[in-house]
Every structure is written in C-alpha cells, then in structure tokens.
Amino acid sequence: MRVVHHVAELRERLAGQDRTVLVPTMGNLHAGHLALVRQARAAGGPVVASIFVNPLQFGAGEDYGRYPRTLEADCALLEAEGADCVFAPDMAEMYPEPQTVQVLPPLADELCGASRPGHFQGVCTVVLKLFNMVRPCCAVFGRKDYQQLFLIRAMTRQFNLPITILAGDTVRAADGLALSSRNGYLTPAERAEAPRLYTVLRDIATRLSSDERDYPGLERAARDELAAHGWRVDYVSVRGQATLLPPTGDETALVVLGAARLGNTRLIDNVETGLRVAPGA
Ligand code: PAF
C-alpha cells in the first residue's frame, strides 16, 4: 500500500485505472470506516482511501483543532484491510489558494445544517475536489451521515459526475451506539448514556411502521426523553427518504434523524423505515 500526499503522485500511481474506488475519510479510523473499505474492495477496482481533516466543514468553536490526527495508525489499519493507496493531501495541496468557489447544496440550513452553518457547503466542496483529484468510478459513504450522503448523491447526479455513490451501513457497538470518531470524546458516564439516541430514533421508526403518523408528537416525545437524560437536542426529525423533507403523506419510506449533544460531544444517528401501504392503495 502506498501513501501519497500529492495529486501528481496519485495520478502516476493510478495511471491506466478506470475502476478506482474512493473512500473519503477524515482519518481516526474505526470499524465503520473499515467496513466501507471492504465494501469498496468488493466493487473490484483499486481502492484509494483519502484522509484529510477539512477545515471548510468545521464552524467556529467546533472541534477542528482537536479532531484526532492519527495518520500512522490509520495507514496500518488500511493496509491490513487491503486498501491499495492512501491519499493524504496537506492543506497546501488541497487549498493552494483561498477556496472562493464553493458548492452550495440544498438543505444546507436544515437538520445538521441548522446548527452547523456552512458545514455541508464545506463537505460538498471538498468531496467535489477529491472526486476531481482521484477520478474514481465509485465512492463509498456511510449511511450514518445520512444528510451528507443525500447531498453528495444530489451533487453527483446534478453535476453529471461519472461516479457511482455506494452507501455503507452504519456499524454499531454491541449496545447500539453508532461508531464515530467523535465517540472518543465521551467520558465513561456519557459513553454509557450515548446509545439512548439510537434507542429513541428506533422507537419512533417502530411506531411509524405500526401506522402512527403524529410526527410532531413523536419528535417532541423523543426530544423530551433525551433532554430528561441530560442531552441538549439539536433536532429529532422524521423525513421522507426520497426528498429529506418533512413528510407530505405520499412517502413510502421515511427516515428518522437525530442530533444531540452529551457534554461537549455532538452525536448523530438515523433509522430508516418503510411504511405499510394500504391494500389497493
Ligand atoms: O464523512 C466524513 O468523514 C467527511 O465529511 C468527508 C466526506 C470525508 C469530507 O471531508
């Protein structure tokens, strides 16, 4: 496995390849990332994992400075998982000049975007740059970052990028907590409490699949339960899977999304659910 820091070297390495599969990451890898790499390998072509902590997607006061940089350990994990190449550009390679042209996706101010202004603009901008640098035929993103996956799919489609976006399932700890690099910030007491986010979202999904339709009531009850256990809730929201907008009644598939903070750590999760379609409908 080669570790390259420059686009020119990456191009040399990938010359003649048209089946490259990209797994974009910010490093500090865990089993969830490694599952994405396995999925990428199954797609058949050479696998490039990128590692870049992207300042554009962090707001003022967020954890850009303390986000764990663990390149050596990450490379060892990627090598063991069979990745062919790590692309780890530095700031000068990614942003040689101020990035004054950026991608402004829809829904940028909704859900996670409401409490993280500019976040999805930063994500889409760096992902478009990575796509142009690596020129993959496929790229793999986790379902845990549901809104990110939705917006990257929309960007890829609407800009006619010749890239297939593959979605990787969320990998969970035995108690249900979705794996995340940010779980490492949790104190032992917070870690014990953290699975509740998944529990409340799953509970809403179960109720939706049993035909409950009081979305605001379900969302409110979940927010109250989290708050009663010390969480500061950014949102709990039921949305249509196809649009990521509030349900209008025409949906056949919904997703329940949530983001909430325990102490200084912000966690996100989501649960997809189908809806029972009435016979003859
Ligand atoms: O999901 C992430 O780790 C990041 O948002 C991504 C897609 C690598 C862009 O920086």
Side-chain angles (χ1 to χ4, degrees), residues 22-26 32-33 36 53-59 62-64 67 102-131 139-159 161 163-172 177-183 197-198 200-202 204-205 208 215 218-219 222-223 226 231-248 251 253-261 265-274:
L22 172 65
V23 183
T25 83
M26 296 203 299
H33 295 109
L36 300 182
V53 184
N54 173 35
L56 277 194
Q57 68 187 76
F58 289 81
E62 291 191 347
D63 56 344
Y64 175 68
Y67 200 88
Q102 300 196 17
V103 180
L104 178 57
L107 299 170
D109 299 330
E110 294 225 12
L111 301 169
C112 283
S115 46
R116 303 192 69 189
H119 171 68
F120 289 111
Q121 183 168 334
V123 168
C124 287
T125 300
V126 81
V127 169
L128 182 58
K129 287 173 74 86
L130 285 166
F131 283 175
V140 193
F141 295 86
R143 280 200 173 83
K144 187 186 138 269
D145 296 301
Y146 203 89
Q147 187 176 7
Q148 167 174 288
L149 172 64
F150 180 91
L151 296 179
I152 288 169
R153 280 192 156 137
M155 175 179 79
T156 305
R157 218 174 40 243
Q158 293 186 16
F159 283 131
L161 304 178
I163 300 170
T164 303
I165 304 299
L166 304 173
D169 286 339
T170 302
V171 178
R172 298 183 181 281
L177 177 65
L179 298 194
S180 161
S181 300
R182 292 192 166 95
N183 293 351
L197 180 60
Y198 177 50
V200 300
L201 300 182
R202 206 181 38 187
I204 295 180
L208 292 173
Y215 306 123
L218 291 167
E219 292 165 355
R223 281 198 305 270
L226 289 167
W231 296 71
R232 282 176 296 125
V233 181
D234 283 352
Y235 67 87
V236 172
S237 188
V238 179
R239 299 279 167 131
Q241 280 185 31
T243 60
L244 222 53
L245 293 171
T248 57
E251 294 72 18
L254 298 174
V255 54
V256 191
L257 306 110
R261 295 163 204 264
T265 308
R266 185 176 185 276
L267 300 178
I268 63 172
D269 207 341
N270 64 82
V271 180
E272 291 183 320
T273 180

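Since the model is a prediction, treat every value here as computed from it, not as a measurement.
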Do F131 and I152 pass the side chain to side chain contact (heavy atoms under 4.5 Å, CB included) test, and can you show the C-alpha distance, the side-chain angles, and the key distance before you say yes or no? CA-CA 11 Å; F131 283 175; I152 288 169; 4.3 Å; yes

Kindly indicate, with the supporting measurements, whether the criterion side chain to side chain contact (heavy atoms under 4.5 Å, CB included) is fulfilled by V271 and I204. CA-CA 9 Å; V271 180; I204 295 180; over 6 Å; no

Nearest-0.5 Å distance that lies between atom [atom1] in [X] and atom [atom2] in [Y]:
| X | Y | atom1 | atom2 | value |
| --- | --- | --- | --- | --- |
| S115 | E110 | OG | CD | 12.0 Å |
| Q241 | L257 | CD | CG | 9.5 Å |
| M155 | Q148 | CE | CD | 10.0 Å |
| L226 | L201 | CG | CG | 7.5 Å |
| Y64 | Q57 | OH | CD | 10.0 Å |
| F150 | I165 | CZ | CD1 | 13.5 Å |

Out of L104, V103, L130, which one pairs with T125 under the side chain to side chain contact (heavy atoms under 4.5 Å, CB included) rule?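 So, applying the side chain to side chain contact (heavy atoms under 4.5 Å, CB included) to T125 and each of L104, V103, L130, only V103 qualifies.
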
Grab the two heavy atoms, one from [X] and one from [Y], that are nearest each other, plus how far apart they are.
| X | Y | result |
| --- | --- | --- |
| G122 | N54 | O-ND2, 3.0 Å |
| G142 | L149 | O-CB, 4.2 Å |
| V236 | V233 | CG2-CG1, 4.1 Å |
| V140 | G168 | CG1-N, 4.5 Å |
| Y67 | S181 | OH-CB, 3.4 Å |
| A139 | I163 | N-CG2, 4.0 Å |

Ignoring hydrogens and geometry, is there a side-chain-to-backbone donor-acceptor pair from [X] to [Y] under 3.5 Å?
| X | Y | answer |
| --- | --- | --- |
| E219 | V238 | yes |
| D63 | T265 | no |
| N270 | K144 | yes |

Decide yes or no for [X] and [Y]: does some side-chain heavy atom of the first lie under 4.5 Å from some side-chain heavy atom of the second?
| X | Y | answer |
| --- | --- | --- |
| V256 | L218 | no |
| V123 | L151 | no |
| L208 | Y215 | yes |
| Y235 | C112 | yes |
| R153 | F141 | no |
| D269 | R172 | yes |
| R182 | R266 | no |
| L56 | V126 | no |

With a cut-off of 6.0 Å (strictly less than), are more than 12 heavy atoms of other residues, nucleotides or ligands near CZ of F159?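 No, because the 6.0 Å sphere around CZ of F159 holds 12 heavy atoms or fewer from other groups.
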
Between R239 and S237, is any side-chain donor less than 3.5 angstrom from a side-chain acceptor?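 Indeed, the side chains of R239 and S237 share at least one donor-acceptor pair under 3.5 Å.
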
For L244 and Q147: C-alpha separation, side-chain torsions, deciding distance, then whether side chain to side chain contact (heavy atoms under 4.5 Å, CB included) applies. CA-CA 8 Å; L244 222 53; Q147 187 176 7; 3.9 Å; yes

Who are the side chain to side chain contact (heavy atoms under 4.5 Å, CB included) partners of E62, not counting sequence neighbours?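 Counting only residues at least two positions away or on another chain, E62 forms a side chain to side chain contact (heavy atoms under 4.5 Å, CB included) with F58, R116.
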
Taking it one step at a time, do L166 and L36 satisfy side chain to side chain contact (heavy atoms under 4.5 Å, CB included)? CA-CA 9 Å; L166 304 173; L36 300 182; over 6 Å; no

